[in-house]
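Letters go in sequence order (proteins before strands), and every chain restarts at 1.
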Amino acid sequence: MDRDALLRWYDEHKRDLPWRRTRDPYAIWVSEIMCQQTRVETVIPYYEKFLSRFPTPAALASAPEDDVMAMWSGLGYYRRARLLQKGAREVVASYGGQVPRDRDARLKLPGVGRYTAGAIGSIAWSEEEPVVDGNVMRVFARHFGIDSPLGAKETDARMWREAEALVRGPRPGDLNQSIMELGARVCRPRSPTCLVCPIAHGCVAKAEGRQAQLPVPKVKKAPRRVTLATVVATRDKRREILLVKQERALFGGLYMTPALEVKGAAPSEAHGRAALAPFGSGRIVSTGKVEHILSHRVMEVTVFLATHGRAKTNSLGRFVALDALHTIGVASLTKKILRSVDLL
DNA sequence: AATCCGGGGTT
DNA sequence: AACCCAGGATT
């Protein structure tokens with residue numbers, strides 16, 4: 001693969017992204033975690049807010065988890081945020097507050113896998129460490145004509161071998177970013193613009209006209225459909241709502257209206273009552289339905305309203321003022337539910 | 001090796 | 001409506 005052509009193209013065409021203005025390994029780390037399975041354009045505002053609120057590992061380590069989740073609210077994959085904070089605490093506890101330059105030490109940080117470790121090492125310190133992400137796999141599959149399915153062990157091994165080979169030499173960080181940038185901007189999933197590709201001359205897929213057939217995707221199964229009943233309990237003239245936080249459930253670490261999964265029967269007011277039961281009782285009236293689609297779930301949520309409620313706070317749940325929602329972590333589904341009953 | 005974990009932009 | 005995004009942890 002033509003390293004020089006890649007670098008020339010990158011120097012000319014790279015996007016001006018906020019984390020490309022720093023070589024602070026902590027800032028790079030934050031950006032890489034945020035970018036996991038998330039579009040760069042989506043990440044930018046979150047990145048800037050997050051770094052100004054938590055500018056160092058020490059700042060992140062000492063912050064309340066709810067503050068961290070609030071900053072992450074809406075980004076998705078909330079475990080990333082909790083693991084990032086855990087990692088920051090390890091950095092403070094074991095490495096004097098400095099992200100370790102040693103690759104093995106970096107790899108032991110929670111939430112840091114092969115990709116992230118390589119990205120931090122190559123970008124922050126110009127270490128010759130490879131990265132393989134979705135962009136890289138697409139570019140490699142086309143360029144080398146790799147037609148085994150993504151996700152298969154042999155495919156994976158081949159991708160990392162190629163990435164190893166590519167990153168040897170000057171400017172490893174820029175080289176890694178150049179392939180990812182190429183995948184994002186030129187060698188796109190559909191309609192790649194091969195006419196402007198700096199390495200089209202060596203591309204097997206282009207030579208054989210197989211750009212649209214590569215890479216061969218992994219087979220994924222249909223998302224599970226789940227039916228949920230949730231109850232919106234208010235007090236103080238609808239200015240406060242009852243929210244619960246569960247660590248290990250869906251949306252772990254975030255606050256949500258009390259909910260339970262409904263199996264078999266259609267959701268009824270009894271389900272709403274049951275969802276509210278741990279916190280008290282109230283008259284339950286059905287209101288409407290909300291659909292929420294995730295990549296691995298299709299959720300149909302029936303929303304119940306508790307009126308004249310005697311719901312009370314306990315260790316599992318608490319009332320939160322609606323105008324303080326932005327201070328805690330809340331999933332998009334929760335906001336959707338609250339909008340459906342005109343609370344937002 | 002398969003599954004889980006969010007949300008949203010693109011096509 | 002399908003696809004998939006600067007992936008990693010868990011089972």
Point to revise | Set of ring pair (Phe, Tyr, Trp, His ring centres under 6.0 Å) partners for A:H13, sequence neighbours left out | key: A:W9
Point to revise | A:A152 vs A:I293, nearer the 5' end of DNA chain B by closest nucleotide | key: A:A152
Check your understanding: Counting any heavy atom closer than 4.0 Å, what does A:S332 reach on the DNA or RNA strands: base, sugar-phosphate only, or nothing?
Key -> sugar-phosphate
Practice item. Take atom P in C:dT11 and the same atom in B:dG6, then report the distance between them in whole Å. Key: 15 Å
Could you list all N or O pairs between the protein and nucleotides 7-11 of chain C that sit under 3.5 Å apart?
from: C:dG7; atom 1: OP1; to: A:G134; atom 2: N; distance (Å): 3.4
from: C:dG7; atom 1: OP2; to: A:C35; atom 2: O; distance (Å): 3.4
from: C:dG7; atom 1: OP2; to: A:Q37; atom 2: N; distance (Å): 2.6
from: C:dG7; atom 1: OP2; to: A:Q37; atom 2: OE1; distance (Å): 3.3
from: C:dG8; atom 1: OP1; to: A:G113; atom 2: N; distance (Å): 3.0
from: C:dG8; atom 1: OP1; to: A:T116; atom 2: N; distance (Å): 2.9
from: C:dG8; atom 1: OP1; to: A:T116; atom 2: OG1; distance (Å): 2.6
from: C:dG8; atom 1: OP2; to: A:Y115; atom 2: N; distance (Å): 3.4
from: C:dG8; atom 1: N2; to: A:R79; atom 2: NH2; distance (Å): 2.3
from: C:dA9; atom 1: OP1; to: A:G111; atom 2: N; distance (Å): 2.8

Review point. So, do A:Y46 and A:F50 have ring centers that fall under 6.0 Å from each other?
Key: no
Check your understanding: To the nearest angstrom, how far is A:R138 atom CZ from C:dC3 atom C1'?
Key -> 11 Å
Exercise for review: Nearest whole angstrom, please: distance from the P of C:dA6 to the CZ of A:R20.
Suggested key: 11 Å
Check your understanding: Can you tell me how far P in C:dA6 sits from the matching atom in B:dT3, rounded to whole Å?
Key -> 24 Å
Check your understanding: Looking only at atom types and distance, does a side-chain atom of A:S178 sit under 3.5 Å from a main-chain N or O of A:L7, one as donor and one as acceptor?
Key -> no
**Study point:** Touch class at under 4.0 angstrom, heavy-atom based, for A:I120 against every strand present
**Key:** nothing
**Study point:** Gap between atoms NZ and C1', on A:K153 and B:dA2 respectively (whole Å)
**Key:** 14 Å
Exercise for review: Specify the separation, in whole Å, of atom CH2 of A:W72 and atom C1' of B:dC5.
Suggested key: 13 Å
**Study point:** Enclosure of A:K86 NZ (heavy-atom neighbours >12, cutoff 6.0 Å)
**Key:** no
Revision key, fill the gap. Rounded to whole Å, CG of A:L294 lies from P of C:dC5 at a distance of 18 Å
**Study point:** Interatomic distance where CD belongs to A:E41 and C1' belongs to B:dT10 [whole Å]
**Key:** 11 Å
Practice item. Give a yes/no answer on whether the side chain of A:R39 brings an N or O atom under 4.0 Å of OP1 or OP2 in B:dT10. Key: no
**Study point:** C:dA9 versus B:dG8 - spacing of their C1' atoms, nearest Å
**Key:** 23 Å
Review point. Across the strands shown, which category fits A:R224 at heavy-atom distances under 4.0 angstrom: base, sugar-phosphate, nothing?
Key: nothing
Review point. Within this structure, what is the CE-to-P distance between A:M299 and B:dG6, rounded to whole angstrom?
Key: 10 Å
Exercise for review: Determine the contact category for A:G74: base if any of its heavy atoms lies under 4.0 Å from a base atom, sugar-phosphate if only primed atoms, P, OP1 or OP2 are that close, otherwise nothing.
Suggested key: sugar-phosphate
Point to revise | Rounded distance (nearest 0.5 Å) linking atom CG of A:L344 with atom CG of A:L338 | key: 5.0 Å
Review point. Expressed in angstrom and rounded to an integer, what is the separation of A:M256 atom CE from B:dG7 atom C1'?
Key: 15 Å
Study note, to complete from the structure: Per nearest nucleotide of DNA chain B, the residue lying toward the 5' end, A:G76 or A:R188, is A:G76
**Study point:** Check: B:dG8 base within 3.5 Å donor-acceptor of A:T42 side chain
**Key:** no
**Study point:** A:H296 vs B:dT3: side-chain N/O to OP1/OP2 distance below 4.0 Å
**Key:** no
Check your understanding: In Å, rounded to the nearest 0.5 Å, how long is the span from NZ of A:K218 to OG of A:S148?
Key -> 12.5 Å
Practice item. Mind checking the CD1-CZ spacing from A:I284 to A:F304? Nearest 0.5 Å is all I need. Key: 8.0 Å
